[in-house]
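Chain naming here is simple, since letters A, B, ... match the order of the sequence lines and numbering starts at 1 in each. Side-chain atoms are counted along with the backbone in the values below, which use heavy atoms only and exclude waters and symmetry mates.
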Amino acid sequence: MIEGGTVDVLIPLGLDQAYSYAVPPGLALAPGDVVQVPLGPRETVGVVWAVGAGRGGNLKKVTGKYDMPPLDPALRKLVDWVAWYTLAPKGSVLALALRRQPDDTPERPKLGVRLAGPPPGRMTPARARAIAAAEGGLLIAKSALAEAASVSAAVIDSLVDAGTFIVEPMPREAIAALPDPDHAVPELSEGQGEVAQALVAAVQARAFSVALLEGVTGSGKTEVYFEAVAEAIRQGRQSLILMPEIALTAQFIDRFEARFGVRPGLWHSAVTGRRRERLQAAIASGEAKVVAGARSALFLPYKDLGLVVVDEEHESAYKQEDGVSYHARDMAVVRGRIENAPVVLASATPSLETRVNAERGRYTHLKLPERFGGRELPTLGLVDLRRDKPERGRWLSGALVKAIETNIEAKEQSLLFLNRRGYAPLTLCRDCGHRFQCPNCTAWLVDHRFRRALVCHHCGHVERRPQECPACHKPESLMACGPGVERLAEEVATLFPQARSIVLSSDFPGGTERLKTELMAVAEGEFDIVIGTQLVAKGHNFPGMTLVGVVDADLGLTSGDPRAAERTFQALRQVTGRAGRGEKPGRALLQTHDPEHPVLKALVSGDPERFYAAEEASREAAGLPPFGRLAALIVSANGQAEAESHARALARCAEAGDGIAVLGPAEAPLAVLRGRHRMRLIVRTTREVNLQDYLRAWLKRGPKPKGSVRVAVDVDPQSFL
DNA sequence: AGCACGCCGACT
DNA sequence: GTCGGCGTGCTC
């Protein structure tokens with residue numbers, strides 16, 4: 001505590017340094033306190049980062065202190081570490097941890113309406129919809145009712161005036177009920193029990209450790225790590241379960257509730273306003289024992305974190321690339337270390353870097369080899385499209401069609417996986433060969449029949465699909481090339497007119513909400529055939545699904561991305577794992593033109609080790625460093641001031657013997673990258689298009705004398721801990 | 001993040 | 001001749 005001295009205040013903006021301010025007499029400040037300070041012409045919120053170390057001179061004064069819990073030392077350390085590691089300005093990282101807006105306005109009880117009076121004198125369609133939606137006399141939030149009845153709030157208000165609805169305060173929903181670790185203890189198999197025991201022991205040790213929990217889809221990973229969560233609850237400590245946003249579904253919440261009797265504290269982008277604030281307060285006070293959240297939950301102010309779980313560890317959604325660029329899985333490991341808490345990384349298809357860490361003994365490797373309840377893994381088979389060739393304009397082989405038929409007869413569900421949105425990935429003119437290309441990128445425009453448009457999946461460019469060729473003006477000459485899910489749906493409708501089918505893709509008309517509803521409908525067996533892109537592979541349990549058909553298993557294996565094979569393997573393993581999770585055994589058929597491809601052979605063998613071995617071998621053959629020794633750089637032109645720290649970061653990478661990946665955008669002096677440290681440039685990116693071209697252009701442009709390099713390290717924080 | 005300064009294209 | 005585009009820099 002200091003009175004009348006100076007403090008260094010970090011402001012949650014793109015500033016790398018804390019600014020010094022004078023502390024006015026009568027104000028006592030300690031590190032972590034949230035304060036208001038003048039910055040330029042305005043007042044801003046900031047956090048006291050240090051006390052008494054300020055430079056002298058004419059300092060502005062701290063204007064005030066917010067009445068909110070200070071950022072504890074662990075969280076401040078995390079901010080410092082992440083800023084150091086990602087080379088983002090400290091203030092930008094602080095902004096991630098300080099997303100709460102200090103708010104002094106008193107909390108007003110939320111008001112709901114209830115159907116209680118006679119119908120209004122004048123009935124209108126909108127009013128009728130609102131009344132119908134409020135049927136049953138339940139208390140509903142006004143906004144929710146307006147949404148459900150698709151009427152404006154004014155309609156509800158008029159019905160309140162008419163006396164049809166009455167207004168009542170909504171009961172305050174419990175934001176963080178206490179989970180009961182013994183609510184419904186599951187019966188675990190011997191293998192599961194052992195793994196669960198290892199995780200429980202890690203929680204009991206109250207020390208930092210990292211475990212990779214690997215288990216096939218349906219092996220009970222969730223049940224097993226729930227035992228570790230239960231142990232943390234028994235100790236009265238908090239648990240964080242990180243998951244990709246998409247996986248935070250009703251299904252997960254139901255499973256949690258079945259195990260612990262209450263819902264977990266849910267943290268994701270859709271949780272807003274007062275609810276967000278209350279959850280944050282409950283986390284800071286330690287009242288919220290379990291938080292299930294998307295990557296931003298990493299920066300919440302836990303009071304006593306006893307366990308961190310990263311579910312679906314390999315998911316690329318953990319990677320944030322805009323603003324502060326970080327990998328939430330890696331930062332979760334760092335947070336575990338700072339909090340001295342165990343970390344569990346769970347996946348059916350671990351990422352290569354995590355496997356490397358496990359192999360080297362940095363992480364314990366726990367495996368769940370079997371499916372839960374003795375259920376068998378689906379049998380996988382390849383369909384050689386060179387022999388079993390669909391007719392022109394068709395994409396389903398005889399073998400797959402037959403399998404679907406059998407499934408329909410048996411009243412079982414089938415899933416057709418094709419990771420391509422839209423109708424056709426390419427449109428060309430039969431006459432002159434003109435191909436529709438994006439004006440901004442070099443990608444082909446994807447035909448979206450449903451939207452009657454040509455869309456660039458890379459940059460979002462949209463244009464109308466013309467009637468005639470824009471080059472030779474021949475009418476009726478345009479031809480769709482290749483399949484997308486919409487086109488596949490057409491084929492399915494022709495082949496199986498009696499079947500109930502649905503297309504599920506991320507651009508589903510009606511948005512995420514309707515998509516969730518439809519996923520539930522699929523789980524309840526309301527469709528015979530599901531045609532879906534990547535998203536059907538993730539986190540959903542379809543008990544009636546006994547057949548998975550992969551329409552094009554070669555898709556993704558040929559791209560220039562160094563992680564293409566890994567991602568394809570993961571996606572195919574996950575999607576084929578959708579089969580046979582219910583009572584009946586499942587099978588999967590993968591259509592391919594290259595049945596000898598090592599990735600597919602490894603997949604069919606059911607032994608993931610074969611894939612990883614093949615992958616390491618191919619990396620070696622390509623002259624790339626082994627995984628785990630690969631750092632990534634994010635390079636951009638920036639002010640001179642930062643050049644030095646960036647050069648230091650580069651040197652750090654070089655000392656560690658890491659490869660360097662350029663993620664761009666870049667105007668940076670290549671000399672810094674090559675000349676001083678003699679490093680090999682490796683491209684590693686999630687950007688799918690044109691990276692080679694981009695890099696070539698970048699190299700051609702050559703070193704520029706002006707500007708500095710901005711660098712961020714990615715992938716393997718352990719080597720820098 | 002805001003806000004100012006500054007340097008090149010199309011307008012009354 | 002100016003209005004305004006957003007690139008770059010600064011805020012204790």
Side-chain angles (χ1 to χ4, degrees), chain A residues 2-66 68 70-71 76 79-80 82-83 86-103 269 272-273 276-277 296 299 320-326 440 459 634-646 664-669 672 697-698 701 703-712:
Chain A
I2 189 149
E3 234 176 284
T6 67
V7 284
D8 288 351
V9 175
L10 189 60
I11 291 149
L13 301 175
L15 301 167
D16 204 30
Q17 279 182 340
Y19 286 165
S20 302
Y21 289 89
V23 183
L27 190 64
L29 291 177
D33 283 343
V34 184
V35 291
Q36 193 183 51
V37 289
L39 182 73
R42 71 216 125 95
E43 296 285 330
T44 330
V45 64
V47 177
V48 177
W49 223 246
V51 147
R55 45 150 231 211
N58 239 8
L59 295 180
K60 290 192 182 178
K61 280 193 188 114
V62 175
T63 335
K65 182 182 158 188
Y66 285 100
M68 58 195 293
L71 260 75
R76 276 181 279 138
V79 169
D80 282 336
V82 172
T86 62
L87 289 148
K90 264 187 197 177
S92 304
V93 181
L94 177 64
L96 298 174
L98 207 70
R99 285 234 198 88
R100 54 194 151 160
Q101 288 303 310
D103 192 344
S269 58
T272 53
R276 202 176 174 94
E277 218 169 278
S296 60
F299 292 96
Q320 171 140 80
E321 303 220 56
D322 47 282
V324 182
S325 173
Y326 67 94
N440 312 319
C459 71
I634 292 153
V635 182
S636 72
N638 214 307
Q640 201 70 45
E642 286 167 300
E644 208 187 311
S645 78
H646 298 149
E667 302 291 328
V672 181
W698 190 68
R701 237 179 297 149
K704 288 204 173 180
K706 268 171 68 180
S708 70
V709 193
R710 197 184 158 94
V711 189

Heavy atoms only, 4.0 Å cut-off, all strands: where does A:Leu15 land among base, sugar-phosphate and nothing?
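Base contact - A:Leu15 has a heavy atom under 4.0 Å of at least one base atom.
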When we call it a touch if two heavy atoms are under 4.0 Å apart, what does A:Pro12 touch: a base, just sugar-phosphate, or nothing?
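Contact class for A:Pro12: none.
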Which residues share a side chain to side chain contact (heavy atoms under 4.5 Å, CB included) with A:Thr63, sequence neighbours left out:
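Listed in chain order: A:Gln36, A:Pro38, A:Glu43.
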So, using side chain to side chain contact (heavy atoms under 4.5 Å, CB included) as the criterion, who are the partners of A:Leu39 when residues are at least two apart?
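If we apply the side chain to side chain contact (heavy atoms under 4.5 Å, CB included) test to A:Leu39, skipping adjacent residues, the hits are A:Ile11, A:Leu13, A:Tyr19, A:Tyr21, A:Arg42, A:Thr44.
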Within this structure, what is the [atom1]-to-[atom2] distance between [X] and [N], rounded to whole angstrom?
X	N	atom1	atom2	result
A:Leu39	C:dG9	CG	C1'	13 Å
A:Leu59	C:dT11	CG	P	13 Å
A:Lys60	C:dC10	NZ	P	16 Å
A:Leu13	B:dG2	CG	P	8 Å
A:Gln17	C:dT11	CD	C1'	12 Å
A:Asp16	C:dG9	CG	P	15 Å
A:Leu96	B:dA1	CG	C1'	14 Å
A:Lys61	C:dC12	NZ	P	15 Å

Closest listed nucleotide, where the reference is the side chain of A:Pro41 and the choices are B:dC3, C:dC12, B:dA1
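Of all the options, the side chain of A:Pro41 is nearest to B:dC3.
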Side-chain donor or acceptor of A:Asp16 paired with backbone N/O of A:Lys90 under 3.5 Å:
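Here the side-chain-to-backbone pair exists.
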4.5 Å side-chain heavy-atom contact, A:Val37 and A:Lys60:
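Of all side-chain heavy-atom pairs linking A:Lys60 with A:Val37, none is under 4.5 Å.
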